[in-house]
Student: 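Sharing a structure below in structure tokens format, with a few things to ask.
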Protein chains: 2
Amino acid sequence: MQKRITLKTVAEAAGVSVSAVSMALRDHPRISETKRVEIKALARELGYIYNRQAASLRQGTSDNISICVNDLHNPVFLEFLTAIERELRQSDKLVLLCNAREECEIQDSFIRRMLEQGSSGLLLSPVEGTCPETLRTIVQNNFPTVFFTRRLEDEGFDHVVSDDALGVGLAVDELVRLGHRNIAWIGGGQHTSTAAARFEGFAAALQKHGLALTEAMVEKVPETGLEVGRAAMDRILRHAPEVTAVACFSDLLALGAASTCREAGRSVGQDISIIGHDDLEQSVYFDPGLSSVRVAKEQIGRDAARLLLNRIACPEAPPVHETVAPSLILRGTTGPCPVR
Amino acid sequence: MQKRITLKTVAEAAGVSVSAVSMALRDHPRISETKRVEIKALARELGYIYNRQAASLRQGTSDNISICVNDLHNPVFLEFLTAIERELRQSDKLVLLCNAREECEIQDSFIRRMLEQGSSGLLLSPVEGTCPETLRTIVQNNFPTVFFTRRLEDEGFDHVVSDDALGVGLAVDELVRLGHRNIAWIGGGQHTSTAAARFEGFAAALQKHGLALTEAMVEKVPETGLEVGRAAMDRILRHAPEVTAVACFSDLLALGAASTCREAGRSVGQDISIIGHDDLEQSVYFDPGLSSVRVAKEQIGRDAARLLLNRIACPEAPPVHETVAPSLILRGTTGPCPVR
DNA sequence: CGCATGCGCTCAATCGTTTGACTTCATTCT
DNA sequence: AGAATGAAGTCAAACGATTGAGCGCATGCG
């Protein structure tokens with residue numbers, strides 16, 4: 001096994017100094033056109049591999065960016081990631097991804113590791129119950145960080161989130177307009193800003209329309225999976241049969257709820273209306289298509305990425321808080337309130 | 001903004017040499033118990049952050065491992081990842097993840113970047129049409145690499161895959177046992193080992209049972225999403241109405257197909273049987289539960305990770321090829337062939 | 001002709017950590 | 001007593017790329 005090809009190897013082969021090679025490869029003007037071409041060709045031929053560890057040790061910077069997502073099991077995060085990566089690829093940053101699976105420990109060790117690796121910034125959709133220790137690490141090392149999808153109470157950090165309360169408000173308004181009076185809620189049992197805001201939006205909207213919020217009509221489930229939605233809907237059908245419409249924290253919950261309704265012989269969109277939240281790419285393909293609150297994922301991802309680049313360039317700027325308005329997408333799961 | 005805290009900072013504060021601090025932090029026996037405790041406490045107090053770039057530059061090794069997945073849109077890859085990460089976390093390796101979104105260029109630049117970063121190994125579920133250039137990069141730098149879920153024709157690499165042909169064979173056997181004679185196929189239009197093997201398994205099984213394979217009954221779609229499955233099933237219903245059972249390349253396709261059938265008024269599991277492949281975690285929650293070929297994701301992920309660690313430890317060992325047998329999981333979407 | 005200018009390149013220090021060689025001092029063995 | 005051993009550190013040379021300073025050499029100008 002031969003030794004690693006370094007600048008030195010190339011320099012010796014080309015009969016020039018190490019610095020000349022370094023500069024040639026980076027198109028530094030101090031090196032002549034002819035030499036540059038020659039050196040580059042030689043480097044390629046020898047199979048030279050740039051050593052970023054050495055480079056960034058010397059320079060004190062790196063051009064990779066870390067993303068830590070609370071849980072990839074919800075496909076909505078994939079959509080955020082796509083938008084973020086699209087934006088960051090343009091600036092030739094490498095994106096390193098971590099799926100924290102809603103475990104604080106995973107998130108923690110990833111962040112620490114990224115600091116050790118010299119990552120230049122972090123995009124964070126924090127896990128439920130993110131420990132203060134983690135935040136301290138970020139602050140102490142002033143690690144450029146932008147929160148997205150979920151924010152913290154601490155106002156000192158940048159964040160880009162959806163206007164969750166507004167979104168649920170839009171959903172409830174539409175259900176009321178369709179004549180529904182007994183509207184249930186599924187989701188929002190997590191201790192996250194998103195869960196809190198969406199439920200508050202629900203409660204506020206009910207109040208605005210003078211509707212009651214009874215205990216049997218609220219299912220504060222702690223997760224967002226399909227199966228959880230199914231079970232929650234089952235409880236609602238049994239304990240609150242008067243319900244004709246359901247607003248859900250997420251599309252996954254809504255799809256689960258719809259499946260329970262169908263099983264119970266209630267036609268979704270006619271006997272009972274269901275609205276999700278997030279507007280997953282695949283929600284349009286369900287039968288009937290899921291009505292949902294469309295979170296501006298493209299914009300949130302893009303803006304979070306840009307904000308991070310700004311923050312890296314200018315660490316002392318005051319924190320930026322961005323709240324992006326969602327919109328309502330109506331498909332087949334919502335319809336007029338059935339007459340008794 | 002203060003300068004970065006380094007070993008030197010800590011050493012000066014503790015009144016010892018830089019090497020002493022380095023050794024103390026790594027529990028080197030040459031440092032006494034008392035000094036070690038003292039130095040560690042001081043390092044923590046000062047907020048010392050280990051600089052891995054410097055360390056691995058010096059050592060010529062790093063302890064992070066890269067995973068590149070062809071496309072996270074299929075949730076089955078999340079399940080593989082979970083298994084892999086579980087295994088690697090034990091050995092205190094950092095896992096760096098890339099979603100190649102089935103684009104060769106993304107995969108390519110990730111791999112190159114990982115070489116530059118000094119990643120110690122790669123787990124790769126290669127994108128469709130992985131270019132030879134990429135493989136050359138891997139070989140030339142003898143970058144320890146294990147392929148999983150999809151393999152290459154090149155026998156020189158390690159791989160861990162499911163026995164795809166066997167899996168589809170099991171599915172067809174079951175459908176035949178249930179009395180079906182007109183069995184259609186959806187999927188497998190991609191240029192991947194998985195697509196080829198699953199379709200071959202289908203064709204071979206039909207032949208074994210003396211059944212015909214007509215063109216109208218084969219939908220070689222190039223993707224695996226829900227919507228593609230829906231469209232494919234639609235074409236089958238129109239052009240091959242005699243079909244009573246469908247074997248699919250993936251669960252996503254199968255779920256799409258099932259949705260089309262329901263829409264067309266065909267009761268899935270009674271009028272028509274559908275079998276998926278992969279056995280996604282969520283497939284059990286659909287209504288009716290999806291029958292599927294269960295790929296041993298836990299085992300494949302675990303073994304791929306272990307294989308990689310072996311490969312890293314021993315780069316010259318002969319390549320290992322592992323094929324893991326899947327099993328058949330029957331739920332509600334399969335039933336006896338309806339009598340005419 | 002002599003001196004400044006600038007081009008094109010080399011030199012050497014540097015980033016932070018690791019590690020084999022070396023030092024110092026105390027203790028043990030012969 | 002003198003040599004040998006060992007414990008607990010220190011020293012300095014790496015790892016590979018970058019970069020400010022420096023150095024010939026040719027050209028231009030007065």
Side-chain angles (χ1 to χ4, degrees), chain A residues 1-40 42-43 46-64 113-120 141, chain B residues 1-40 42-43 46-64 112-113 115-120 141:
Chain A
M1 193 175 107
Q2 84 285 8
K3 292 191 73 104
R4 179 161 189 164
I5 311 284
T6 72
L7 285 187
K8 197 166 155 206
T9 326
V10 179
E12 280 163 6
V16 296
S17 73
V18 171
S19 358
V21 179
S22 168
M23 290 168 149
L25 294 179
R26 284 172 303 130
D27 294 324
H28 193 290
R30 214 186 284 170
I31 303 296
S32 68
E33 170 84 21
T34 47
K35 271 248 149 72
R36 182 175 10 119
V37 173
E38 185 191 323
I39 290 175
K40 278 189 173 178
L42 195 54
L46 291 173
Y48 168 71
I49 294 275
Y50 183 59
N51 186 332
R52 263 171 214 277
Q53 325 217 50
S56 64
L57 171 59
R58 172 62 227 251
Q59 297 182 122
T61 67
S62 88
D63 47 3
N64 57 48
R113 194 84 175 218
M114 285 301 119
L115 269 165
E116 296 179 352
Q117 298 254 345
S119 173
S120 51
N141 296 281
Chain B
M1 193 176 108
Q2 84 286 8
K3 293 191 72 107
R4 181 163 186 160
I5 311 285
T6 71
L7 286 186
K8 195 167 156 203
T9 326
V10 180
E12 279 163 8
V16 296
S17 72
V18 171
S19 0
V21 179
S22 168
M23 290 167 146
L25 294 179
R26 285 173 303 130
D27 293 324
H28 192 290
R30 215 186 284 171
I31 304 296
S32 69
E33 171 84 22
T34 46
K35 270 248 149 69
R36 184 177 5 123
V37 172
E38 184 191 325
I39 290 175
K40 280 189 173 179
L42 196 53
L46 291 173
Y48 168 71
I49 294 276
Y50 183 56
N51 186 332
R52 264 173 214 276
Q53 326 215 53
S56 62
L57 171 59
R58 170 64 227 246
Q59 297 183 122
T61 66
S62 86
D63 46 3
N64 58 45
R112 189 162 188 89
R113 195 87 174 215
L115 270 165
E116 295 179 355
Q117 298 253 344
S119 172
S120 51
N141 297 282

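Quick note on labels: first sequence line is chain A, next is B, and so on, each numbered from 1.
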Student: For a quick test of reading the model: is some side-chain N or O of Arg26(B) closer than 4.0 Å to OP1 or OP2 of dT19(C)?
Tutor: yes

Student: Measuring to OP1 and OP2 of dT19(C), would you say a side-chain N or O of Ser22(B) lies under 4.0 angstrom away?
Tutor: no

Student: For Asn51(B) and dC15(C), what is the distance between atoms CG and P respectively, to the nearest whole Å?
Tutor: 12 Å

Student: Does Glu116(A) reach the main-chain N or O of Asn51(B) with its side chain, forming a donor-acceptor pair under 3.5 Å?
Tutor: no

Student: If we only count heavy atoms from C-beta on, is the Tyr48(B) to Leu7(B) side-chain gap below 4.5 Å?
Tutor: yes

Student: Are any side-chain N or O atoms of Ser120(A) and backbone N or O atoms of Ser62(A), one a donor and one an acceptor, separated by less than 3.5 Å?
Tutor: yes

Student: Could you pull out all residues at least two apart from Thr61(A) that satisfy side chain to side chain donor-acceptor pair (under 3.5 Å)?
Tutor: none

Student: Report all interatomic pairs (protein N or O, nucleotide N or O of nucleotides 12-14 of chain D) with separations under 3.5 Å.
Tutor:
residue: dA14(D); atom: N3; partner: Arg58(B); partner atom: NH1; Å: 3.2

Student: Name the pairs: protein N/O against N/O of nucleotides 21-26 of chain C, kept only if under 3.5 Å.
Tutor:
residue: dA21(C); atom: N6; partner: Arg30(B); partner atom: NH1; Å: 2.7

Student: Closest-nucleotide mapping onto DNA chain D: is Ala54(B) or Thr34(B) further toward the 5' terminus? I mean the 5' end.
Tutor: Thr34(B)

Student: Looking at side-chain heavy atoms only, is the closest gap between Lys40(B) and Leu25(B) below 4.5 Å?
Tutor: yes

Student: Tell me: CZ of Arg52(A) to C1' of dC15(D), nearest whole Å?
Tutor: 18 Å

Student: How close or far is atom P of dC15(C) from atom CG of Leu7(B), stated in whole angstroms?
Tutor: 13 Å

Student: Name the nucleic acid region contacted by Val16(B), choosing base, sugar-phosphate or nothing; use a 4.0 angstrom heavy-atom cut-off, strictly under.
Tutor: sugar-phosphate

Student: Between dA17(D) atom P and Leu25(A) atom CG, what is the distance in whole Å?
Tutor: 9 Å

Student: Given dG16(C), dT10(C), dT18(D), identify the nucleotide with an atom nearest to the side chain of Val18(A).
Tutor: dT18(D)

Student: CZ of Arg58(A) to CG of Leu57(B): how many Å apart, nearest 0.5 Å?
Tutor: 13.0 Å

Student: Any donor-acceptor pair under 3.5 Å linking the side chain of Ser56(B) with the backbone of Arg52(B)?
Tutor: yes

Student: For Val16(A) and Val21(A), which heavy atoms make the closest approach, and how far apart are they?
Tutor: CG2-CG2, 3.8 Å

Student: For Leu57(A), report the nucleic acid contact type (base, sugar-phosphate, nothing); a contact means any heavy atom under 4.0 Å.
Tutor: base

Student: Under 4.0 Å: is that the gap between some side-chain N or O of Lys35(B) and OP1 or OP2 of dG9(D)?
Tutor: yes

Student: Give a yes/no on whether any side-chain N or O of Ser17(A) is located under 4.0 angstrom from OP1 or OP2 of dT10(C).
Tutor: yes

Student: Can you name the closest pair of heavy atoms from Arg4(B) and Thr9(B) and give their distance?
Tutor: O-OG1, 4.0 Å

Student: Rounded to whole Å, how long is the line connecting atom CD of Gln59(B) with atom P of dG16(C)?
Tutor: 17 Å

Student: Expressed in angstrom and rounded to an integer, what is the separation of Glu33(B) atom CD from dG9(D) atom C1'?
Tutor: 17 Å

Student: Whole angstrom is fine here: how far is it from CG in Asp63(B) over to P in dT17(C)?
Tutor: 15 Å

Student: Can you tell which of dT10(C), dT17(C), dG9(D) lies closest to the side chain of Ser32(B)?
Tutor: dG9(D)

Student: Output the rounded distance in Å from CD1 (Ile5(A)) to C1' (dC15(D)).
Tutor: 16 Å

Student: Answer yes or no: is there an ion pair linking Lys35(B) with Glu38(B), defined by an N-O contact shorter than 4.0 Å?
Tutor: no

